[in-house]
Number of protein chains: 2
Amino acid sequence: MSLPHAILTALLEKPSSGLELTRRFDKSIAYFWSATHQQIYRELGRLEAEGLIRALPSEQPARGQKREYEVLPAGRDELARWTAASQDPKPLRDVTLLRLRAAAVVGTAGLETDLRRHRELHARQLAKYLEIEQRDFPPGKDGPQDRLRHLVLRAGIDLETFWTQWLDHALSEFAHLPDTDGTGRPGAGED
Amino acid sequence: MSLPHAILTALLEKPSSGLELTRRFDKSIAYFWSATHQQIYRELGRLEAEGLIRALPSEQPARGQKREYEVLPAGRDELARWTAASQDPKPLRDVTLLRLRAAAVVGTAGLETDLRRHRELHARQLAKYLEIEQRDFPPGKDGPQDRLRHLVLRAGIDLETFWTQWLDHALSEFAHLPDTDGTGRPGAGED
DNA sequence: CTAGGCATGTAACGTGTTACATGATTTG
DNA sequence: CAAATCATGTAACACGTTACATGCCTAG
């Protein structure tokens, strides 16, 4: 139940149409929450039905017509409630780690190339975040809102740094690993 | 499409029944891929229908009856193919970061308590992983399979360390932040 | 023989993903 | 006015989550 709250947050920051929201998600919110335009339109419909947002009065509903939405007081209340409510952190779910565990059984053939590619993607993402940081959070800009948003961006930066380094480490392990088919020691102990 | 491959990996490590798989997921695979028993049974059915695994011959299908599965050659091939295939890393999607971004708009009231709780949960998880590391990866144990599995566990350990520290940092920011309702500077610039 | 735990499932729903469809607006 | 682009939307499906249902097996 997070997408509606991501949308409420984005709409509070600035009233927008569906496509504008999609672009803002891609550009600025995607580093902690991504969404496609289909998801966003579906959710905008629900939020409007629930009375948490409304289309700006001037627009009449029509298919190819732009519709801008703004958050109603009930929507702001709901977002505040959700933000403060206790929520358990979700367990990690990472495909790359699963692939490595699988490689321990069926062999590492072919994996290294893709991990090297991932390493570059993470490094590029990191560079992009650092650019954003320089542009949006210069030394002077440190009001309460700036500090919180900077904190969020910092998490993104540090996570990309983490993955870049971890992949470097993993790749260096690969370097002095026999390129086995994994059957060297079958039923070895796990857990 | 990762759950079937997680199951294939687990079954190659040791043929098991659905409930045994569920327990092994909880105990040992959950730090990079979690699943409920309903998901596992559904997926076991599909994998069997596709001819990637089979129930051990002795068992006849019956509702409350234990059914052990093992991986067929086609299943091993599929797992090897999947492991080596190129896959894009999934973008980050983290509720806590979203909550912080929302708090920049609607205020931080109530958030701190839950973040403190998260910090403790991550610290506890970290302690658990470190225990596993000591038990399962003593200095001598460093064959190819051990190195790969250790690498995976290391990612879990380092990520929990990361989140513990990040939350400490976030909480220290909270300490000298006015407990606003977020409306101090409404339409401030984002992206 | 019954109560509790073991083991396997069904059903319903929410969210995310992919492919495609349609109307409006601008530009050459 | 044709083509490209903007903008909104439908449909079908895959996956994950929650609640519940059913059959077996063993201890007391």
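Model, not experiment: these values are computed from the prediction. Lettering follows sequence order; numbering is per chain, from 1.
Rounded to whole Å, the distance from CZ on A:R24 to P on D:dA7 is 14 Å. One interatomic measurement links the two molecules: CD of B:E68 to C1' of C:dT8, which rounds to 14 Å at whole-angstrom precision. Atom CG in B:D88 sits roughly 13 Å away from atom P in C:dT17 (whole-Å rounding). When rounded to the nearest whole Å, the span between CG of A:L44 and P of C:dT15 equals 14 Å. Put simply, CZ on A:R23 is 9 Å from C1' on D:dA7, counting in whole angstrom units. When rounded to the nearest whole Å, the span between OH of A:Y69 and C1' of D:dG9 equals 11 Å. Separating the CZ atom of A:R67 from the C1' atom of D:dC6 is a distance of 16 Å, rounded to the nearest angstrom. In this structure, CG of A:L21 is placed 15 Å from C1' of D:dC6, rounded to the nearest angstrom.
A salt bridge does not link A:R81 with A:D77: every distance from a Lys NZ or Arg NE/NH1/NH2 to an Asp or Glu carboxylate oxygen is 4.0 Å or more. Using a 4.0 Å cut-off between a side-chain N of Lys or Arg and a carboxylate O of Asp or Glu, A:E112 and A:R117 do not qualify as a salt bridge. With salt bridges taken as basic N to acidic carboxylate O contacts below 4.0 Å, one links A:R99 and A:D114.
With sequence neighbours left out, A:R93 forms a salt bridge (Lys or Arg N to Asp or Glu O under 4.0 Å) with no residue at all.
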What are the atom names and distances for every N/O pair under 3.5 Å that joins the protein to nucleotides 14-17 of chain D?
from: D:dC15; atom 1: OP2; to: B:R46; atom 2: NH1; distance (Å): 3.4
from: D:dG16; atom 1: OP1; to: A:R93; atom 2: NH1; distance (Å): 3.4
from: D:dG16; atom 1: OP2; to: B:Q39; atom 2: NE2; distance (Å): 2.7
from: D:dG16; atom 1: O5'; to: B:Q39; atom 2: NE2; distance (Å): 3.2
from: D:dG16; atom 1: N7; to: B:R42; atom 2: NH2; distance (Å): 2.5
from: D:dG16; atom 1: O6; to: B:R42; atom 2: NH1; distance (Å): 3.4

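Rounding to the nearest 0.5 Å places CZ of B:R54 at 12.5 Å from OH of B:Y69.
Phosphate contact (OP1/OP2 of D:dC6, side-chain N/O of A:Q65, threshold under 4.0 Å): absent. Applying the 4.0 Å criterion to OP1 and OP2 of D:dG9, one finds that A:Y41 has every side-chain N and O outside that range.
Residues in residues 159-169 of chain B take part in these salt bridge (Lys or Arg N to Asp or Glu O under 4.0 Å) pairs, two or more places apart or across chains: B:R119-B:D168.
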